[in-house]
Amino acid sequence: MNFELTSTPEQETFRAEVRSWLDEHAPPDMEHPADPGQLTPGGYKKQRQLGRALGKKGWLYPTYPSEYGGGGLSAEEALIIEQELDRHGFTLPPYYDSGGKLGAASIMVWGTEEQKAAFLPPIFRGEVRTWQLLTEPEAGSDLANVQTTAHREGDEYIINGQKIYVGSTHGAEMSWMLVNTHPGGPRHQNLSWFMVPMDSPGVTWAPMDLLFAGNERGAASGHKQTVYFENVRLPAFNLIGGENNGWRVAATHLELEHGLMQTSLRGDSLWERVVRLYKEDKSGGTPLMDCPDAPNLLADMYIDSQIGRLFHLRNYWLQSTGRPVTYHGPQAYLHVKRSALRTAKALHRLFGPYALTTDQEVGLEDGHVEVQQRGSIVAQHPGGTVEIQKVIMARRLGIGRGEPQKSGRLK
Amino acid sequence: MNFELTSTPEQETFRAEVRSWLDEHAPPDMEHPADPGQLTPGGYKKQRQLGRALGKKGWLYPTYPSEYGGGGLSAEEALIIEQELDRHGFTLPPYYDSGGKLGAASIMVWGTEEQKAAFLPPIFRGEVRTWQLLTEPEAGSDLANVQTTAHREGDEYIINGQKIYVGSTHGAEMSWMLVNTHPGGPRHQNLSWFMVPMDSPGVTWAPMDLLFAGNERGAASGHKQTVYFENVRLPAFNLIGGENNGWRVAATHLELEHGLMQTSLRGDSLWERVVRLYKEDKSGGTPLMDCPDAPNLLADMYIDSQIGRLFHLRNYWLQSTGRPVTYHGPQAYLHVKRSALRTAKALHRLFGPYALTTDQEVGLEDGHVEVQQRGSIVAQHPGGTVEIQKVIMARRLGIGRGEPQKSGRLK
Amino acid sequence: MDLALTQSQEMLLAAARGMVEREYSKENLLLLESGDTDLAETLWQKTAAAGWPGILVPTKYGGEGGSLTDAAVLLQELGRAPAPGTFFSTAVLGVLALMEGGSEEQRDAVLPKIAFGENRIALAATESRYGWSKSLTLTRATASHGGYLLHGVKLFVQDAANADLLLCTARMGDGEVGLFLVDASLPGVSVRPLPGFVSDTFEIKLNNVEVPQASLMPGGRDALEQAILQSLPVLGAYQVGACERVFDMTLDYANTRIQFGLPIGRFQRVQDHVIQIVNLKDAARWTTYEALWKLDESKPDAATAVHVSAAVASEAYYQSCNAAHEVHAGLGIMREYGLTLHTRMSRTLYHYLGDPTHHKVRLAAELGL
Amino acid sequence: MDLALTQSQEMLLAAARGMVEREYSKENLLLLESGDTDLAETLWQKTAAAGWPGILVPTKYGGEGGSLTDAAVLLQELGRAPAPGTFFSTAVLGVLALMEGGSEEQRDAVLPKIAFGENRIALAATESRYGWSKSLTLTRATASHGGYLLHGVKLFVQDAANADLLLCTARMGDGEVGLFLVDASLPGVSVRPLPGFVSDTFEIKLNNVEVPQASLMPGGRDALEQAILQSLPVLGAYQVGACERVFDMTLDYANTRIQFGLPIGRFQRVQDHVIQIVNLKDAARWTTYEALWKLDESKPDAATAVHVSAAVASEAYYQSCNAAHEVHAGLGIMREYGLTLHTRMSRTLYHYLGDPTHHKVRLAAELGL
């Protein structure tokens with residue numbers, strides 16, 4: 001056994017290359033607001049700028065084939081890029097691009113050669129950023145209950161409906177979505193999967209007023225949107241995987257969303273902030289409640305973060321070595337969701353009301369602690385509620401069924 | 001509001017009467033083993049002796065009509081008897097008589113006049129003690145899945161099958177049981193409810209080898225038995241409530257078993273023992289682990305015991321004032337089961353291995369702490385698992401059904 | 001034993017529920033959350049017109065002379081909204097502090113005005129190190145010109161926005177902690193709201209505020225302790241009402257939200273969240289009302305019951321909101337749905353007047369552990 | 001990074017699983033629990049014949065010279081049974097203590113015998129106040145006739161039944177705590193089993209036991225600390241194996257037990273218990289094996305990882321048994337079914353070598369908190 005992410009000399013050379021490239025190309029003064037909803041247009045512009053620069057080198061989507069604009073690199077090299085970006089406080093991509101991260105996997109599996117050539121390179125090169133459009137008012141946990149419809153007229157599909165909890169603050173060039181193309185048809189055989197240019201006439205969106213905006217892991221997302229479709233016309237070319245085959249297409253990226261995507265294997269930055277606060281307080285600096293079991297609470301927080309790291313490390317190892325991956329994704333995701341609430345409670349107990357305010361004078365860590373309080377609640381539902389994670393785990397473990405269910409295809 | 005169980009002057013006179021009667025009639029040197037499986041035949045004999053004496057006065061089943069051997073007393077007077085017996089370390093009855101406590105309710109509701117006159121007085125007078133026979137290997141949580149059968153021949157029923165987790169250590173004169181009288185018949189309409197003399201030819205029993213013997217609340221039960229029926233012949237007179245009506249008859253006492261029976265509204269004797277140990281330890285006497293959050297653990301234990309007491313007090317109040325009782329019984333039962341595990345863990349953390357041994361020299365409180373460790377695990381399933389309590393609560397609250405389900409009839 | 005409310009309490013409850021549903025509607029609370037101070041004023045005037053602020057004020061000062069349980073009935077209904085804390089700070093904590101620690105002159109001057117809704121009070125006790133022990137008071141009261149100069153910073157003060165009077169702790173020349181009733185409009189008093197996941201929480205700066213000798217409350221810090229002890233289960237009743245509302249919302253959603261062709265409440269995992277809320281709210285209700293009864297009846301172990309109920313009620317409200325969020329998923333975090341009003345308030349009240357850990361430490365002390 | 005076992009570890013694991021299933025069958029363990037000492041002896045001889053006791057003994061003393069991870073693979077399989085602790089006390093804790101703290105003479109004398117299964121060791125360290133801090137050692141070692149007289153009572157000693165040698169702590173004349181390797185057959189040593197919800201737990205009385213000067217281990221108490229630190233994740237592997245077995249039993253029961261016409265595993269509440277076990281066992285597995293790797297690689301933060309894994313593994317085994325009981329209900333408490341073998345062992349191991357609270361306190365210290 002070896003738990004260390006060791007690098008070969010070649011990989012270390014690559015790391016040095018990435019590091020010096022980033023020192024040179026990462027725009028100065030990039031923003032890191034505690035609440036990603038506070039990201040300014042200027043800050044966003046810099047993120048996209050860095051994304052395009054990374055994309056040009058094939059480092060934005062490093063493991064995808066270079067013929068489509070990816071980097072053609074190994075998982076280890078991708079991890080090096082992630083680690084080096086992390087030193088600058090960013091994930092890969094350096095902005096919310098869930099559509100690209102998830103949707104691209106489906107296009108790779110289900111798209112025709114022409115579709116791959118048309119849709120993937122702009123995403124992988126960072127020219128286009130993409131939102132995912134899945135949830136609807138009547139399709140939450142029951143994601144297949146899509147009410148947005150599309151019907152075909154000639155070479156076009158006409159879409160009507162709405163999607164919620166979409167994307168982030170500063171717009172997107174493309175989206176992909178699940179649409180009902182066979183109203184009244186059998187469940188799971190009535191959906192289709194489309195790529196949608198967001199400048200199509202009839203597409204509008206408006207921000208949602210939520211407890212907290214950013215809730216995705218990885219690049220924080222900012223405000224969520226409601227996206228409306230009113231007689232939106234789409235070329236039939238934009239249908240991926242064939243009509244009424246959308247559920248199978250979606251299964252590919254849902255697998256990724258259910259906890260397998262997290263490649264951030266570093267420690268927990270919140271933990272480091274809290275330890276600093278705690279130690280400063282012991283020497284009289286910052287405000288700590290009179291909490292007799294503080295060491296116990298901190299130990300629990302640390303243990304939770306270690307278990308999370310190890311679950312993700314294991315998943316990365318299983319995936320990168322081609323071993324079977326079944327319940328492991330949702331297990332890690334469940335742990336992240338659950339431990340977030342435990343951590344929130346512990347922080348509230350440790351720091352009392354200080355944990356709850358973003359006030360510039362008295363708020364802790366520029367508001368990062370307060371954001372965790374809200375974010376931990378919001379984090380319970382994206383990518384499937386705690387209940388949905390357990391449903392998937394139970395199926396994959398075969399509880400009550402004898403035969404464990406296989407996981408969705410990833411590649 | 002008034003949370004005090006206050007007594008009128010008449011009731012206080014009654015209390016004085018009960019107290020002096022008990023001082024006179026409770027046999028000396030009655031046994032109180034931590035593990036009720038350790039109760040000797042002599043100790044059991046004394047319990048029955050006290051039971052018969054109480055029965056003669058109508059104090060064994062005080063609230064049942066005196067025409068059947070009960071006391072015809074009020075709930076308040078019954079509580080006084082319970083409280084005074086509690087001073088001697090006993091419940092009412094002073095031995096395991098679950099059959100009487102639960103079965104009598106069903107006979108009162110469903111029995112004919114002749115059946116009441118035949119079956120109830122011996123129980124209420126303490127001459128007969130009664131076991132309940134419900135669980136079978138294939139009928140646990142699914143109590144209606146009874147495989148023991150009875151078929152009628154003339155004026156008799158002939159019973160074959162087995163029941164498990166029955167009764168206690170020292171035999172019983174009577175039992176009541178659910179039997180399948182319509183194999184292949186519709187669920188819940190295929191069962192019948194019988195009173196069974198335990199000396200009927202073909203009835204045999206053998207003790208089960210379990211983690212812990214006593215698990216009932218109230219009078220501790222001792223070893224559980226497997227009871228076998230081989231062509232046991234029973235007069236048709238012993239069928240209560242009519243053929244294939246047994247599920248409805250059972251619903252009457254199941255309601256009682258699901259947490260409404262607990263009238264022990266006193267504090268928690270284990271809590272008192274633990275506090276004494278803790279205080280003795282602080283002054284150097286008994287052994288306490290180095291446990292930084294000991295006050296927190298003890299406070300949690302105390303809070304759990306207070307919530308349990310208040311849930312039972314509320315149930316007693318609801319019941320005695322004729323208010324609707326729905327989810328409240330299982331809620332109290334669930335709390336008892338859940339808090340037992342929390343308490344076990346806290347005691348293990350507080351006292352380490354001392355909590356686990358019955359050793360006469362080093363075991364805590366004559367083994368009562370060790371018994372709680374095992375008993376808390378065993379307590380999870382009798383009267384329905386935690387899951388079953390939640391199933392009933394959900395139905396009674398109408399979760400997912402809109403319409404709350406009414407509770408079973410109690411009288 | 002009788003666990004029912006009295007008939008007059010039942011009538012008070014029914015009236016309060018109607019008024020709270022009408023005036024402290026979700027729509028109004030969302031406006032208040034957005035900072036609509038005119039509406040806050042209007043709602044306070046309506047509350048005052050109903051005579052509620054006098055509920056605990058003795059009749060000789062023009063109030064109702066009600067019991068703590070009477071006040072709890074009102075608070076329980078306000079908690080369902082959840083209404084802002086001004087009422088609690090003024091009519092419960094403020095009145096009890098004046099009764100416990102005020103001079104006769106102070107009571108004469110203030111209690112009638114409170115009863116008529118003309119004064120609002122905020123408790124300015126906590127400072128940079130948050131907590132409720134005396135040693136944490138750093139604000140100084142220096143004798144000056146026959147009165148005092150108050151100087152210091154009060155942090156995480158609840159409900160200061162419209163308060164006319166501040167109950168203010170300060171360290172005296174002799175090292176003891178004194179309690180002052182301070183006119184909030186005096187020069188040197190500045191009030192600043194604190195943003196974030198809190199409700200109506202403020203910083204108050206006292207910059208050499210000159211207060212007269214008569215503003216010192218003779219009962220001092222001990223009287224404040226006593227007032228807080230009595231107030232705690234009344235605040236608990238607010239949390240009980242809030243839990244009830246969260247339960248109602250969650251049960252309703254579990255029964256009406258259809259996914260996979262069924263109301264989601266048919267799924268055991270969803271049921272378990274609802275059951276958790278019921279268990280929490282019932283535990284909070286009965287521990288709270290027993291504590292109220294023990295206080296009203298001056299039982300010797302009332303403090304024990306208070307600390308139990310405070311720990312249980314704060315935890316219950318916090319965890320009920322969490323469980324409700326699990327059931328509501330995406331809908332729950334939409335501001336306009338209204339659940340987050342409760343979530344925010346449950347966080348604020350979790351630490352206010354002592355968090356569960358604090359009360360468990362106090363409980364252990366009461367039990368002699 | 002590679003989280004797989006090596007090929008030779010995989011082979012060891014497969015061999016161990018076969019042997020454990022054969023020899024440490026449920027039937028045999030139930031007999032051991034009933035006090036069948038002949039069987040205990042037979043099983044130990046078979047274990048010794050397989051060469052297992054030498055797994056950590058360096059080759060120059062006739063052992064395998066394996067890594068901690070190698071030993072953990074064996075322990076994991078023994079945990080599935082769950083086999084008695086003699087092997088752990090002797091071949092892991094005993095060998096490591098000798099390596100860390102023994103004199104060259106002591107190693108020469110004992111390690112080869114351990115490797116050949118001829119010696120069994122028990123750690124007699126804890127006393128009337130249970131715990132692992134030095135200050136709790138009250139047993140005295142008094143210099144006498146060129147050797148020592150040991151006097152005191154050791155409580156809650158694991159696996160003392162067939163031990164030939166005791167690792168015994170005692171307070172020396174200078175107040176320091178010394179470590180002795182004591183022949184268990186010496187006059188004055190008496191061993192008494194403690195009944196109850198524990199596995200193989202004993203009281204050992206040392207009544208002025210005369211031991212030679214050479215029985216003092218030069219490494220002293222610090223060496224014992226070091227040996228315990230290294231042993232902890234090996235014990236953790238035992239708990240991981242035990243969790244796996246509890247998981248297998250529970251999943252199997254959930255899939256085959258029919259109630260209400262369905263396998264009970266179709267009910268979400270039952271599923272959640274099984275999922276809890278999976279989560280606990282995986283957390284235990286990966287924290288444990290990372291700690292083993294860090295120890296084997298002498299990483300500077302190995303102690304941190306050890307305390308994490310010890311807290312996680314003990315809690316995981318304890319809670320997995322509880323969850324399994326919820327699923328099994330009545331069947332689970334029948335002794336012959338075998339689940340209670342695990343429940344009992346999970347309790348014993350919960351506090352052994354420090355309970356989770358102890359390790360969290362140590363963890364906080366390692367993290368500089």
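Quick note on labels: first sequence line is chain A, next is B, and so on, each numbered from 1. This structure is a prediction, so every number in the text was calculated from the model and none was measured.
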- Is any side-chain heavy atom of B:Tyr165 less than 4.5 Å from a side-chain heavy atom of D:Ile333? yes
- Can you tell if the side chain of D:Phe197 reaches within under 4.5 Å of the side chain of B:Val369, non-hydrogen atoms only?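 No, every pair of side-chain atoms sits at 4.5 Å or beyond.
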- Determine the option with the most heavy-atom pairs under 4.5 angstrom with chain B, choosing from D:Pro195, D:Ala329, D:Ser133, D:Gly131.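 Most heavy-atom pairs within the cutoff with chain B belong to D:Pro195.
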- Task: Among D:Leu136, D:Leu155, D:Val361, single out the residue with the greatest number of heavy-atom pairs under 4.5 Å to chain B.
- Result: D:Leu155
- For chain B, which residues from residues 350-357 of chain D lie under 4.5 Å away (heavy-atom distances)?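 Under the 4.5 Å heavy-atom cut-off, D:Tyr350, D:His351, D:Asp355, D:Thr357 qualify.
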Is it the side chain or the backbone of [X] that comes within 4.5 Å of chain D heavy atoms, both, or neither?
X: B:Thr385; result: side chain
X: B:Glu138; result: both
X: B:Asn145; result: side chain
X: B:Lys345; result: both

- Max heavy-atom pairs within cutoff under 4.5 Å with chain D, candidates B:Val391, B:Leu341, B:Asp209, goes to B:Asp209
- Task: Hey, could you give me the OG1/CG distance between D:Thr340 and B:Leu211, rounded to the nearest 0.5 Å?
- Result: 5.5 Å
- Going from CD on B:Gln380 to CG on D:Asn322, what distance comes out if it is rounded to the nearest 0.5 angstrom?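 B:Gln380 CD to D:Asn322 CG: 7.5 Å, rounded to 0.5 Å.
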- Message: Aromatic contact between D:Phe156 and B:Tyr354, with the criterion being ring centroids under 6.0 Å apart: yes or no?
- Response: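 Aromatic pair counts; centres sit under 6.0 Å.
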- Task: Please check if any side-chain donor atom of B:His381 sits under 3.5 Å from a side-chain acceptor atom of D:Glu326, or the reverse.
- Result: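 No, D:Glu326 and B:His381 have no side-chain donor paired with an acceptor closer than 3.5 Å.
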- State which residues pass side-chain hydrogen bond (donor to acceptor under 3.5 Å, both in side chains) with B:Asn180; sequence neighbours excluded, sorted by chain then number.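 None.
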Contacts under 3.5 angstrom, residues 200-207 of chain D side chains, donor-acceptor by atom type, not counting sequence neighbours:
{"from": "D:Thr201", "atom 1": "OG1", "to": "D:Gln158", "atom 2": "OE1", "distance (Å)": "2.6"}
{"from": "D:Thr201", "atom 1": "OG1", "to": "D:Ser199", "atom 2": "O", "distance (Å)": "3.1"}
{"from": "D:Glu203", "atom 1": "OE1", "to": "D:Arg192", "atom 2": "NE", "distance (Å)": "3.0"}
{"from": "D:Glu203", "atom 1": "OE1", "to": "D:Arg192", "atom 2": "NH2", "distance (Å)": "3.4"}
{"from": "D:Glu203", "atom 1": "OE1", "to": "D:Lys205", "atom 2": "NZ", "distance (Å)": "3.4"}
{"from": "D:Glu203", "atom 1": "OE2", "to": "D:Arg192", "atom 2": "NH2", "distance (Å)": "3.3"}

- What residues form a ring pair (Phe, Tyr, Trp, His ring centres under 6.0 Å) with B:His32, not counting sequence neighbours? B:Phe90
- Matching residue for B:Glu387 among D:Gln268, D:Arg269, D:His273 - test: side chain to side chain donor-acceptor pair (under 3.5 Å): D:His273
- Name the region of D:Tyr318, side chain, backbone, both or neither, that has any atom closer than 4.5 Å to a heavy atom of chain B.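 D:Tyr318 touches chain B through side-chain heavy atoms alone.
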- Ion pair check, D:Arg347 and B:Glu370, cut-off under 4.0 Å: no
